[in-house]
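Single-structure report; data block below.
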Amino acid sequence: MLYDLIVIGGGPAGISAGIYAARQKLNILLITKTFGGQLTRKAVAIENYPGFKEISGEELIRKFTQHLKKFNLEIKNDLVVQIKKRGQEFSVFTKKKKQFKSKTVIVASGADPRPLEVPGEKKFIGRGISYCSICDGPLFSDETVAVVGGGNAGFEAVIFLANYVKKIYILEYSSKPGADQTNQEKVKKTKKAEIITNAVLKRIKGKNFVNSIIYQDKKTKKLNTLKVKGVFVEIGSQPATSFVKGLVDFNERDEIKVEFETYQTKTPGLFAVGDVNVGQYKQIITASGEGAKAALAAYNYLTHW
Ligand SMILES: Cc1cc2nc3c(=O)[nH]c(=O)nc-3n(C[C@H](O)[C@H](O)[C@H](O)COP(=O)(O)OP(=O)(O)OC[C@H]3O[C@@H](n4cnc5c(N)ncnc54)[C@H](O)[C@@H]3O)c2cc1C
């Protein structure tokens, strides 16, 4: 079977691409590891998706998925491990050892949290190290914790954690936090956060669970210890792009380079949308919008196939 389109990913970008392509009556296969992507993991209350004054990530993705399943398209729960192109045809290989062929492919595989890569991190995952403040914050009631990363994700984590914990250290690598003003004001209001700038995390220590972290002050070079029970990692994300190597160009953050408006990569017929590409503004609505545009661009490409 040769599909018109294979969509990889079941987050906002992939679901939106699926809906738009299905309405063009394309013959589609959507392959995804899970439905929901980052929304199910992190965002609690979404307040910036039109039509919903406030909605949880899980609820929004449930509505997206229900909407998608109304259309006539095939869905497979699997992990894509490689894509190849021979002539005009793509072959998509999955972890379940399946191979699917298609005329076009939309990559919408999103991103995973970026690890700290310091000693102690791997040892204490699930034992004090967390990549999801929303999931794990309530486990640290009345404790002192650290949030690594002073961008918007870090500050949003602090705002949430402040509902539970006693004190929060925010470790920021540069000389000032990058979070926007609104988030900075909200964090200040919690009266629970202490921001430590020029801080390079060096080591996470503990016995069975985390009990302290060591960071270096970039200016003085002095090593300092903080007694914490939890470390929340908020230093950005790693795009899920390994399976597409060789067919696309990447920037320094491993994000896929795409053409403006069509979201086509350097390989004709191969598109990349949402958090996997170089786009600066990574949001539900932008990911959905890109999925829609790429589906229409794929449809257009197919008219010349
Ligand atoms: C803490 C936090 C709060 C946020 N809050 C908001 C908010 O309030 N409002 C807002 O607009 N945005 C928010 N965002 C951003 C938003 O969640 C993302 O921009 C959006 O989810 C990106 O959608 P996506 O479809 O590109 O990727 P993702 O949501 O990451 O989805 C990727 C999908 O691809 C699948 N996948 C990955 N690799 C493979 C593979 N190899 N094979 C098959 N499937 C694969 C995954 O299982 C997943 O379903 C927030 C993000 C975070 C981290």
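As the structure lists them, so they are numbered: ligands from 1, and atoms in each ligand from 1. This structure is a prediction, so every number in the text was calculated from the model and none was measured.
Ionic pairing of Glu121 and Lys123 is not present here: no N-O contact between side-chain nitrogen and carboxylate oxygen is shorter than 4.0 angstrom. Using a 4.0 Å cut-off between charged nitrogen and carboxylate oxygen, Glu89 and Arg86 do not count as a salt-bridge pair. Taking a cutoff of 4.0 Å between a charged side-chain nitrogen and a carboxylate oxygen, Lys103 and Asp4 qualify as a salt bridge.
With sequence neighbours excluded, no residue forms a salt bridge (Lys or Arg N to Asp or Glu O under 4.0 Å) with Lys229.
Comparing heavy-atom distances from atom 26 (O) of ligand 1 across Leu79, Thr241, Ile55, Asp275 singles out Asp275 as nearest.
Taking the six-membered ring where the residue is Trp, the centroids of Phe64 and Phe35 are separated by 6.0 Å or more. Note: Phe155 and Phe160 fail the aromatic proximity criterion, with ring centroids not under 6.0 Å apart.
Heavy-atom proximity to Ala240, at under 4.0 Å, picks out these atoms of ligand 1: 38 (N). Listed by atom number, the atoms of ligand 1 under 4.0 Å from Lys282 heavy atoms are 15 (C), 19 (O). Proximity to Gly9 (heavy-atom distance under 4.0 Å) selects the following atoms of ligand 1: 33 (C), 34 (O), 35 (C). Of all atoms in ligand 1, numbered sequentially from 1 with element shown, those under 4.0 Å from a heavy atom of Gly11 are 25 (O), 31 (O), 33 (C), 49 (O). The ligand atoms of ligand 1 that sit less than 4.0 angstrom from a heavy atom of Gly37 are 28 (P), 29 (O), 31 (O), 48 (C), 49 (O). Atoms of ligand 1 lying under 4.0 Å from at least one heavy atom of Gly10, given by number and element, are 33 (C), 34 (O), 49 (O).
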Go through it in stages, so that I can follow the logic: the residues are Glu58 and Lys63, the test is salt bridge (Lys or Arg N to Asp or Glu O under 4.0 Å), and I'd like the CA-CA distance, side-chain angles, deciding distance and then a yes or no.
CA-CA 9 Å; Glu58 280 193 335; Lys63 286 181 184 290; over 6 Å; no
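Residue-level proximity to ligand 1 for Ala111 is carried by the backbone, the only part with a heavy atom below 4.0 angstrom. Using a 4.0 Å cut-off between heavy atoms, Tyr49 makes no contact with ligand 1 at all. Under 4.0 angstrom from ligand 1, the non-hydrogen atoms of Ile8 all belong to its side chain. By the criterion of a heavy-atom distance under 4.0 Å, the backbone of Ala108, and not its side chain, is placed next to ligand 1. Residue Asp78 touches ligand 1 through its backbone alone, judged by heavy-atom distances below 4.0 Å. Heavy atoms of Glu156 found under 4.0 angstrom from ligand 1 belong exclusively to the side chain.
Residue Val276 has no nitrogen or oxygen atom sitting less than 3.5 Å from a nitrogen or oxygen atom of ligand 1, judged on distance alone. Of the polar atoms of Gln283, at least one N or O is found under 3.5 Å from an N or O of ligand 1, judged by distance alone. For ligand 1, none of its N or O atoms has an N or O atom of Val273 under 3.5 Å away.
A side chain to side chain contact (heavy atoms under 4.5 Å, CB included) with Ile8 holds for exactly one of Val276, Thr94, Ile83; it is Ile83. Of the options Leu68, Ile28, Val107, a side chain to side chain contact (heavy atoms under 4.5 Å, CB included) to Val7 is made by Ile28 and by none of the others.
With contacts defined as side-chain heavy-atom distances shorter than 4.5 Å, the pair Asn48/Ile285 does not qualify.
At least one heavy atom of Pro12 sits closer than 4.0 Å to an atom of ligand 1.
Geometrically, Lys84 engages Phe93 in a cation-pi contact defined by less than 6.0 Å to the ring centre and at most 45° from the axis.
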